[in-house]
Amino acid sequence: MTSPQPAAEQIAEPAVPAVSADHPGVDELFAVLAYGEVAAFYRLTEEARMAPDLRGRINMASMAAAEMGHYETLRDALERRGVDVVAAMTKYASALENYHRMTTPSTWLEALVKTYIGDALAADFYLEIADSLPEEIASVVRSVLSETGHSQFVVAEVQAAVSDSVRQRHRLALWARRLLGEAVTQAQFVLADHDELVDLVMSSGEGLTQLAEFFNRLQHTHHSRMQELGLA
């Protein structure tokens, strides 16, 4: 008779995703991400004009190009699911455009901080959802929210600016906190208006308790990014 395997040697059963690949909320998730990428492209293109030199404009343009590449990935994913990307993402225009309207930067440094912190806050939210999705869905979400490396120039520029000016550091720290507040508000508006997306979030784990804990974690990661920029 064969002895049972020791616990340490037993092959772990693959985790079963909390959400199925055909959940209607997946289409909504891809749609809101797609609109976010398009909005980011236009925002970065506009803000590139604020750059004081060619290097800054090129870096912003590179990030804008990456956003459109991400949009195309989401468009293709939706088309494979039989969904028209334009029709699907248009319903998210109001909430996302309102966020950008409320956080329009007035200086080049504010634009850099928004690029680094504001976009990362949105990524945190959607990546949290991705952890409970089937791998073929989660891989799309992770690929379009992955760090491209282009934004690293932001850290050097902001750190240099705030190390030379306490006043600048305080002003940008206030701006970063405003970005956090507006990002949380945006997320709440998006969830409040779209039942399928809410159901996707609620199906991913512990529902409202999990969501409340996530918003707490969001503040901690936000503080870490502020420290990296020299704003905390």
message = In the structure I gave you, are the side-chain heavy atoms of Val184 and Gln219 within less than 4.5 Å of one another anywhere?
response = no
d(Phe30 CZ, Arg80 CZ) to nearest 0.5 Å is 8.0 Å
Can you check whether Asp195's main-chain N or O pairs, donor with acceptor, with Asp199's side chain at less than 3.5 Å?
no
* Asked: If you measure from the Lys or Arg side-chain nitrogens to the Asp or Glu carboxylate oxygens, is any gap between Glu182 and Arg101 under 4.0 Å?
  -> no
In short, Pro134 meets Ser20 closest at the heavy-atom pair CG-C, 3.9 Å
Rounding to 0.5 Å, atoms CZ (Arg225) and CD (Glu228) come to a distance of 8.5 Å
Output for pair (Leu231 CG, Leu174 CG), nearest 0.5 Å, gives 10.0 Å
Could you check if a side-chain atom of Glu110 sits within less than 4.5 angstrom of a side-chain atom of Arg171, using non-hydrogen atoms only?
yes
Check whether any side-chain heavy atom of Leu112 lies under 4.5 Å from a side-chain heavy atom of Leu172, and answer yes or no.
-> no
Tracing side-chain contacts under 4.5 Å among Ile, Leu, Val, Met, Phe, Trp and Tyr outward from Phe189 reaches none
Exercise. Would you call Gln152 and Tyr116 a side-chain contact if the rule is heavy atoms closer than 4.5 Å?
Worked result: yes
Smallest heavy-atom separation, His23 atom then Glu196 atom, equals CE1-O, 3.8 Å
Tracing side-chain contacts under 4.5 Å among Ile, Leu, Val, Met, Phe, Trp and Tyr outward from Met102 reaches none
Practice problem: Would you indicate whether the side-chain heavy atoms of Tyr126 and Leu33 approach each other to under 4.5 Å? | Solution: yes
*asked:* side-chain contact (heavy atoms from CB on, under 4.5 Å) for Val32 and Met89? Distances and angles first, verdict last.
replied: CA-CA 6 Å; Val32 69; Met89 70 181 185; over 6 Å; no
Checking Asp119, Thr104, Thr103 against Arg43 for side chain to side chain donor-acceptor pair (under 3.5 Å), the one that qualifies is Asp119
query = CZ of Arg55: more than 12 outside heavy atoms within 6.0 angstrom?
reply = no
query: Is there a side-chain contact between Thr45 and Glu67 (heavy atoms, below 4.5 Å)?
result: no
Smallest heavy-atom separation, Asp22 atom then Arg81 atom, equals CA-NH2, 4.0 Å
Of all heavy-atom pairs linking Tyr92 and Val190, the shortest is CE2-CG1, 4.0 Å
**Report entry** hydrophobic_cluster_shared for Leu44 and Ile58, side chain cutoff 4.5 Å
**Finding:** no
To the nearest 0.5 Å, atom CG of Leu74 lies from atom OG of Ser143 at 7.0 Å
All heavy atoms of Met50 vs all of Ala111, minimum pair found to be SD-CB, 4.4 Å
Partner of His100 under side chain to side chain donor-acceptor pair (under 3.5 Å), picked from Lys114, Glu46, Gln186, is Lys114
Open item on the list: Would you say that Gln168 contacts Thr107 through its side chain, given a criterion of any heavy-atom pair below 4.5 Å between the two side chains?
Closed with: no
query: Do Thr221 side-chain atoms and Leu218 backbone N/O form a donor-acceptor pair below 3.5 Å?
result: yes
Have Asp124 and His222 got a donor and an acceptor in their side chains that come within less than 3.5 Å? no
Practice problem: Decide side-chain contact (heavy atoms from CB on, under 4.5 Å) for Leu29 and Leu197; before the verdict, give the C-alpha distance in whole Å, the side-chain angles of both, and the deciding distance to 0.1 Å. | Solution: CA-CA 7 Å; Leu29 178 61; Leu197 200 53; 4.1 Å; yes
Residues Ala21 and Glu136: closest non-hydrogen pair is CB-OE2, 3.4 Å
By ring-ring contact (aromatic ring centres under 6.0 Å, His included), Tyr99 pairs with (sequence neighbours left out) none
field: Close side-chain approach of Ile129 to Leu200, heavy-atom, < 4.5 Å
entry: yes
Interatomic distance, CD1@Ile117 vs CG@Leu179, rounded to 0.5 Å, equals 6.5 Å
One should read off an interatomic distance between Glu37 CD and Leu145 CG, to the nearest 0.5 angstrom, of 6.5 Å
